[in-house]
Each structure stands twice: as C-alpha cells, then as structure tokens.
Peer 1: 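Please find one structure pasted underneath; my questions will follow.
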Amino acid sequence: MRRVGLIGWRGMVGSVLVERMRAEGDFALIEPRFFSTSQPGAAGPDIGRATGPLFDAEDFVALAACEILISCQGGDYTDAVHPKLRAAGWRGHWIDAASPLRMKDDSVIILDPVNRPVIEAGLAAGRRDWIGGNCTVSLMLMAFGSLFHAGLVEWVTTMSYQAASGAGAQQMRELLQQMGVLHGAAADLLLDPASAILDIDRRATAAMRDGSMSAEHFGYPLAGSLLPWIDRDLGNGYSREEFKAGSEGNRILGLPGPPVPIDGLCVRVGAMRCHSQAVTIKLTRALPLAEVGEILVHAHPWIRVVPNERTATLARLTPTAVTGTLDIAVGRIRHLAMGGDYLTAFTVGDQLLWGAAEPLRRMLRLLIGR
Ligand code: NAP
C-alpha cells in the first residue's frame with residue numbers, strides 16, 4: 001500500500017477531501033499519514049480506523065517518507081516546503097490545491113473530466129507535480145469545456161458570484177457571524193410587522209458601516225453586501241483571481257493553437273458554498289440551442305442542464321440546490337440579442353468539490369491504480 005501524506009486536512013478544502021475520500025473508500029487503498037502545521041501530536045481526523053498522532057508538517061523526514069503528498073494547506077506552505085523537498089531529492093508525487101505551482105513547466109493542472117489526455121501525457125513524461133486548478137476556472141471548464149473541445153469558442157467572458165467558503169474556513173465562519181450581527185441589528189423591529197421598513201434598512205446599513213461586524217478575514221462586510229475584488233491587486237486593473245481565467249483555463253484545456261481569450265470580473269457574494277458564473281460565449285459560428293444542449297450534456301456524467309424556465313431555474317440552478325453535490329448545473333442558456341453566435345448561460349458548481357477536492361482525490365486514485 002502506498003504511504004500518502006495529507007497536509008491541510010483540517011481546512012475548508014482538506015475537510016471536504018477527507019469526507020469524499022471516506023465516502024469513496026479511498027483510505028482503504030492507502031496508508032495515510034496526517035500532518036499539521038499547528039497541532040502536531042494531536043489526534044487526526046476520523047477515517048474509521050486509527051491513524052496515530054499528527055505529524056509535524058515541517059518534519060521533512062516524515063514528509064519524504066511518503067510516496068505521495070496531498071497538500072490543501074495553502075500557497076505559503078507549498079512555497080516553503082515543496083522546493084526544499086525536491087532539492088533534497090524527494091521524487092514522490094505532490095498533489096496540491098494551492099496555486100504557486102500551477103503554471104510551472106513541470107506541473108500539470110488536473111481536472112480529469114476535462115483534460116484526461118493532458119494528465120496522461122504528463123504521466124508519460126514522468127511529471128510528479130499535480131496541481132488542482134483555480135476553483136472558478138475548473139468549474140467554468142466543467143460546464144463549458146466541451147464547447148472549447150469542439151472548437152466552438154472564439155472567446156468567453158465570465159462574471160463570477162463566488163461563495164465565502166472559497167476564501168477558506170475562517171471566512172465561512174465570518175460570513176455567518178456577520179449575518180448574525182445584521183439580523184441582531186434589526187431583530188426587535190422584525191418582530192413587529194408594523195415597523196417601518198426604512199428603519200430596518202437604516203439599522204442594517206449602520207451595522208454594515210459602524211464596525212460592529214467582525215471583518216478580520218474578509219476585511220469588509222460581506223453579509224448584506226458583496227465584494228467585487230478577490231485576491232491580490234496585480235496593479236494592471238486585474239485581480240489575481242481574474243488573471244487565472246485565461247492563463248489557467250488554456251493550460252488546463254491544452255488545446256493546439258493560440259489561447260482562447262477567457263476574461264471577466266470576479267465577485268465575492270454572501271453564498272456559503274458554490275461558485276456561480278454568468279458567461280457570454282462568442283461562438284465560432286451560429287449554433288442552434290438544441291445543438292448547444294446536446295454538446296453540453298454529453299461532456300461528462302455530472303452535467304445537469306436546467307431548462308431556461310423560471311421554475312426550473314429557481315429550483316435547480318442555485319447554490320442552495322447544488323451545494324454538497326458533484327452536479328455541475330448549467331442553465332439560462334439562450335442566444336443574446338447580438339446574434340446566433342452569441343450565447344449566454346449561467347452555471348453553478350460546488351467549488352469545494354469539482355473546484356478543489358475532487359480532482360485531487362481522483363488524481364490520487366489514478367496514481368495508486370497504476
Ligand atoms: P483554509 O480553510 O484556510 O485552511 C488552511 C489551513 O488553515 C488548515 O489546513 C489549517 O491548518 C489552518 N486553520 C487555521 N484555523 C483554522 C480553522 N478554524 N479551521 C480550519 N482550518 C484552520 O484554506 P482552504 O480554503 O482549505 O484552502 C487551502 C488551499 O486550497 C489554498 O491554497 C486555496 O487557495 C486552495 N483552494 C481553495 C478552494 C476553496 O474553495 N476554499 C478551492 C480551490 C483551491 P492546520 O491544521 O495545519 O492548522
């Protein structure tokens with residue numbers, strides 16, 4: 001049995017990964033070793049059998065004793081540990097949710113329902129760094145990758161509505177705390193059906209502005225509001241999250257020819273889980289909607305095409321409906337007024353599953369199955 005080290009299993013991505021690995025019986029196929037940056041020696045996660053105390057995530061001897069390492073710890077950890085391990089001669093497989101290695105020559109961005117041939121080529125070339133893509137990019141390609149593969153995409157704009165949990169466990173907690181403060185600010189008025197709505201509104205707005213909401217992790221109130229900037233400012237008008245769409249998207253696809261322009265704005269909203277995206281796709285030719293639907297639906301088993309009708313959309317094309325499932329819901333598909341070669345659509349996917357944990361565990365399966 002391969003010894004597999006897991007780092008960052010307590011975080012948002014890591015806990016979903018452990019949950020999925022348990023559900024799929026992955027732990028029965030490996031000898032897991034759990035690491036921590038903050039609590040070495042403490043008990044590990046419940047995986048249905050004893051795992052021993054946590055190893056120190058900076059113990060290079062314990063790390064190097066693993067044939068496969070899966071890190072969901074974050075970019076700083078990857079930057080600090082991966083180069084040292086490789087420099088010390090470690091030749092194991094490194095599977096990572098964080099971004100630092102994604103665009104390196106030796107890495108492959110993994111999203112096997114979309115780019116299995118790229119992964120196979122990487123295996124054949126002896127690659128050992130397997131990096132999960134940016135969650136928003138992965139979800140967009142899980143939804144529309146088949147149109148790219150069919151050569152039907154001239155360019156795409158994607159406008160995102162990204163969940164709090166995309167920023168991590170602490171941010172998810174912070175959103176709920178902020179929601180509580182917001183409710184508390186107007187709770188007594190809400191109990192009185194005769195209270196004036198503008199008084200409720202004034203109390204809520206004051207709570208958002210007067211510093212009573214904890215914003216240690218987001219920096220600003222998210223509950224009752226939205227944050228149209230995600231990740232670092234690149235200084236050229238782009239947020240780092242937005243830069244990833246075109247760069248990572250094209251790398252995942254691995255298509256011949258010039259890169260397909262993929263660009264848009266990324267916005268954090270008060271959803272708990274699931275990133276949603278509204279896309280405009282400039283097709284290379286006018287395409288009837290029935291044909292678009294046929295191509296999308298045959299992409300992979302997790303696609304759920306939702307009819308472009310009010311009831312179906314509100315019931316099935318929301319974070320509430322999709323959270324915790326592997327479904328990639330795609331709906332609101334119609335042509336735009338600009339012509340039959342302009343398509344709009346909306347997609348919702350759980351960014352902690354296909355956008356993070358699932359490609360990692362599937363890569364693990366691929367490696368241990370060889
Ligand atoms: P996270 O929730 O912040 O977890 C990262 C680490 O923070 C944990 O492993 C844990 O390390 C530590 N931590 C400190 N306080 C914690 C608390 N109260 N609860 C849980 N963990 C706590 O980060 P993440 O969202 O999982 O992201 C990990 C990496 O995956 C990042 O590079 C991120 O960019 C990437 N990613 C995230 C998503 C997403 O949707 N969140 C999607 C794709 C990729 P110790 O146990 O060692 O203390």
Side-chain angles (χ1 to χ4, degrees), residues 5-20 33-45 51 53-59 62-63 69-82 94-102 109-111 130-142 160-177 214 216-218 230-232 239-241 243-245 248 252 266 268-269 271-277 319 322-324 348-361 363:
L6 288 104
I7 312 117
W9 53 270
R10 186 168 78 101
M12 204 64 256
V13 175
S15 4
V16 172
L17 176 68
V18 169
E19 190 176 77
R20 284 290 299 141
R33 182 178 266 199
F34 291 94
F35 291 82
S36 172
T37 62
S38 61
Q39 308 165 323
T51 55
L54 296 174
F55 285 84
D56 184 341
E58 314 228 331
D59 176 346
L63 289 168
L69 288 170
I70 307 181
S71 175
C72 306
Q73 184 63 31
D76 291 347
Y77 180 81
T78 301
D79 280 336
V81 169
H82 177 272
W94 175 274
I95 304 176
D96 200 340
S99 62
L101 301 176
R102 282 186 198 140
I109 306 185
I110 48 175
L111 187 64
W130 310 100
I131 319 300
N134 168 265
C135 41
T136 320
V137 179
S138 294
L139 292 174
M140 190 274 288
L141 290 179
M142 285 294 287
S160 76
Y161 305 75
Q162 299 184 215
S165 54
Q170 310 272 46
Q171 283 83 345
M172 194 182 192
R173 299 166 83 105
E174 189 167 272
L175 172 63
L176 273 178
Q177 283 160 356
S214 144
E216 181 193 347
H217 298 288
F218 279 118
I230 297 178
D231 208 337
R232 291 205 309 266
S239 72
R240 188 160 167 267
E241 186 80 355
F243 166 76
K244 291 172 183 172
E248 286 189 25
I252 292 171
C266 293
R268 183 82 65 201
V269 297
M272 294 294 285
R273 264 170 86 154
C274 280
H275 290 350
S276 307
Q277 301 176 62
V322 174
T323 286
V348 184
D350 189 326
Q351 93 287 351
L352 289 163
L353 289 166
W354 280 118
E358 200 61 12
L360 306 190
R361 63 159 291 278
M363 189 65 218

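Everything numeric here is computed off the predicted structure, so don't read it as measured data. Start at 1 and go down the list; that is how both ligands and their atoms are numbered.
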Peer 1: Where do Ser276 and Val348 come nearest, in terms of heavy atoms and distance?
Peer 2: OG-CG2, 3.7 Å

Peer 1: Flag yes if more than 12 heavy atoms outside Asp79 fall under 6.0 Å of its CG atom; otherwise flag no.
Peer 2: yes

Peer 1: Restricting to non-hydrogen atoms, name the atom on Ala357 and the atom on Val16 that form the minimum distance, rounded to 0.1 Å.
Peer 2: CB-CG1, 4.0 Å

Peer 1: Give the ring-plane orientation class for His82 versus Trp94, where under 30° counts as parallel, over 60° as perpendicular and anything between as tilted.
Peer 2: perpendicular

Peer 1: Exactly which residues line ligand 1, taking a heavy atom under 4.0 Å from it as the test?
Peer 2: Gly8, Arg10, Gly11, Met12, Val13, Ser36, Thr37, Ser38, Cys72, Gln73, Gly74, Gly75, Ala97, Ala98, Cys135, Ser165, Gly166, Gly168, Ala169, Gln170, Gln351, Leu352, Gly355, Ala356

Peer 1: Just checking, is any N or O donor in the side chain of Gln277 or Thr136 under 3.5 Å from an acceptor N or O on the other one?
Peer 2: no

Peer 1: Could you work out, with side chain to side chain contact (heavy atoms under 4.5 Å, CB included) as the rule, every residue matching Ala42, not counting sequence neighbours?
Peer 2: Gln39, Leu54

